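I have placed the structure first, in the form of structure tokens, so that the comments after it can refer back to it.
It should be emphasised that the depicted structure is a prediction, and the values quoted were computed from it without experimental measurement.
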Amino acid sequence: QVQLVQSGGGLVQAGGSLKLSCAASGSIFSIYAMGWFRQAPGKQRDLVASISSGGTANYGDSVKGRFTVSRDSAKNTVDLQMNSLKPEDTAVYYCYANVHYTPITHRDFWGQGTQVTVSS
């Protein structure tokens with residue numbers, strides 16, 4: 001069993017900052033990629049940021065230059081530092097990890113989600 005537990009989130013004013021964290025535990029051989037998706041009511045789920053085991057980061061267009069994803073591979077954790085927040089960043093944020101739970105078998109696992117609300 002693999003479990004991802006998120007922390008952080010909450011309410012912040014526009015222009016402010018917030019940090020999300022996620023920790024993976026359980027039957028893990030290795031983790032290739034970790035990152036974050038978000039989904040606002042009535043909208044599709046969008047990639048926020050991802051980071052590979054080699055440290056290569058990718059960002060959704062709407063958050064480039066404002067958000068930073070980081071990873072501690074030894075602890076199987078990933079963080080999302082969100083700066084210059086905008087009301088349109090309001091969404092439920094989901095942590096994910098592409099977990100190799102055997103040397104040849106892998107799939108995505110998801111955190112429980114956390115609400116981020118940005119007020120104008």
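- Scanning both residues, Leu4 and Ala97, for their nearest heavy atoms gives CD2-N, 3.6 Å.
- Following chains of ILVMFWY side-chain contacts shorter than 4.5 Å, one can reach Leu80 starting from Val12, so the two form part of one hydrophobic cluster.
- Using a 3.5 Å distance cut-off with no hydrogens or angles, the side chains of Arg38 and Thr90 do not pair a donor with an acceptor.
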Using a 3.5 Å cut-off and no angle test, enumerate the donor-acceptor pairs between side-chain atoms of residues 51-58 and protein atoms at least two apart in sequence or in another chain.
{"from": "Ser52", "atom 1": "OG", "to": "Gly54", "atom 2": "N", "distance (Å)": "3.3"}
{"from": "Ser52", "atom 1": "OG", "to": "Gly55", "atom 2": "N", "distance (Å)": "3.4"}
{"from": "Ser52", "atom 1": "OG", "to": "Thr56", "atom 2": "N", "distance (Å)": "3.2"}

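- Residues Val78 and Ile31 are members of one and the same hydrophobic cluster, defined by side-chain heavy-atom contacts under 4.5 angstrom among Ile, Leu, Val, Met, Phe, Trp and Tyr.
- Evaluation of the side chain to side chain donor-acceptor pair (under 3.5 Å) rule for Ser27 yields no partner, not counting sequence neighbours.
- Within the structure, the side chain to side chain donor-acceptor pair (under 3.5 Å) test picks out the following pairs touching residues 63-74 (sequence neighbours left out): Asp61-Lys64, Arg66-Asp89, Arg71-Ser73.
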For this session: Show the numbers, then the answer: is there a side chain to side chain contact (heavy atoms under 4.5 Å, CB included) between Phe67 and Leu85?
Result: CA-CA 9 Å; Phe67 291 9; Leu85 283 161; 3.7 Å; yes
For this session: Check step by step if side chain to side chain contact (heavy atoms under 4.5 Å, CB included) holds for Phe109 and Val2.
Result: CA-CA 7 Å; Phe109 291 84; Val2 176; 3.7 Å; yes
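- The two residues Ser84 and Ser17 make their nearest non-hydrogen contact at N-OG, 4.4 Å.
- The CG atom of Leu20 sits 4.0 Å away from atom CE of Met82, with the distance rounded to the nearest 0.5 Å.
- Side chain of Tyr101 to backbone of Gln1: no donor-acceptor contact under 3.5 angstrom is found.
- Screening residues 6-17 for salt bridge (Lys or Arg N to Asp or Glu O under 4.0 Å) gives no qualifying pairs among residues at least two apart or on separate chains.
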Which atom pairs, donor and acceptor, lie under 3.5 Å between side-chain atoms of residues 112-120 and protein residues at least two apart or in another chain?
{"from": "Gln112", "atom 1": "OE1", "to": "Gln6", "atom 2": "N", "distance (Å)": "3.0"}
{"from": "Gln112", "atom 1": "NE2", "to": "Gln6", "atom 2": "O", "distance (Å)": "3.1"}
{"from": "Thr114", "atom 1": "OG1", "to": "Gly8", "atom 2": "O", "distance (Å)": "3.1"}
{"from": "Gln115", "atom 1": "NE2", "to": "Ala91", "atom 2": "O", "distance (Å)": "3.4"}
{"from": "Gln115", "atom 1": "NE2", "to": "Thr117", "atom 2": "OG1", "distance (Å)": "3.3"}

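- Between the CG atom in Leu18 and the OH atom in Tyr93 there is a gap of 9.0 Å [rounded to 0.5 Å].
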List, one per line, each side-chain donor-acceptor pair under 3.5 Å for residues 41-50, sequence neighbours excluded.
{"from": "Gln44", "atom 1": "NE2", "to": "Asp46", "atom 2": "OD1", "distance (Å)": "3.0"}

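- Gln81 is linked by a side chain to side chain donor-acceptor pair (under 3.5 Å) to Asn83, counting only residues two or more places apart in sequence or in another chain.
- By the salt bridge (charged side-chain N to carboxylate O under 4.0 Å, His left out) test, Lys75 pairs with no residue at all, sequence neighbours left out.
- To the nearest 0.5 angstrom, Asn98 atom CG is 8.5 Å from Tyr32 atom OH.
- Sorted by first and then second residue, the disulfide bond (SG atoms under 2.5 Å apart) pairs involving residues 46-120 (not counting sequence neighbours) are Cys22-Cys95.
- Phe37 is linked by a ring pair (Phe, Tyr, Trp, His ring centres under 6.0 Å) to Tyr96, Trp110, counting only residues two or more places apart in sequence or in another chain.
- Lys19 meets the salt bridge (charged side-chain N to carboxylate O under 4.0 Å, His left out) test with Asp79; sequence neighbours excluded.
- For Ser25, the side chain to side chain contact (heavy atoms under 4.5 Å, CB included) partners are Gln3, not counting sequence neighbours.
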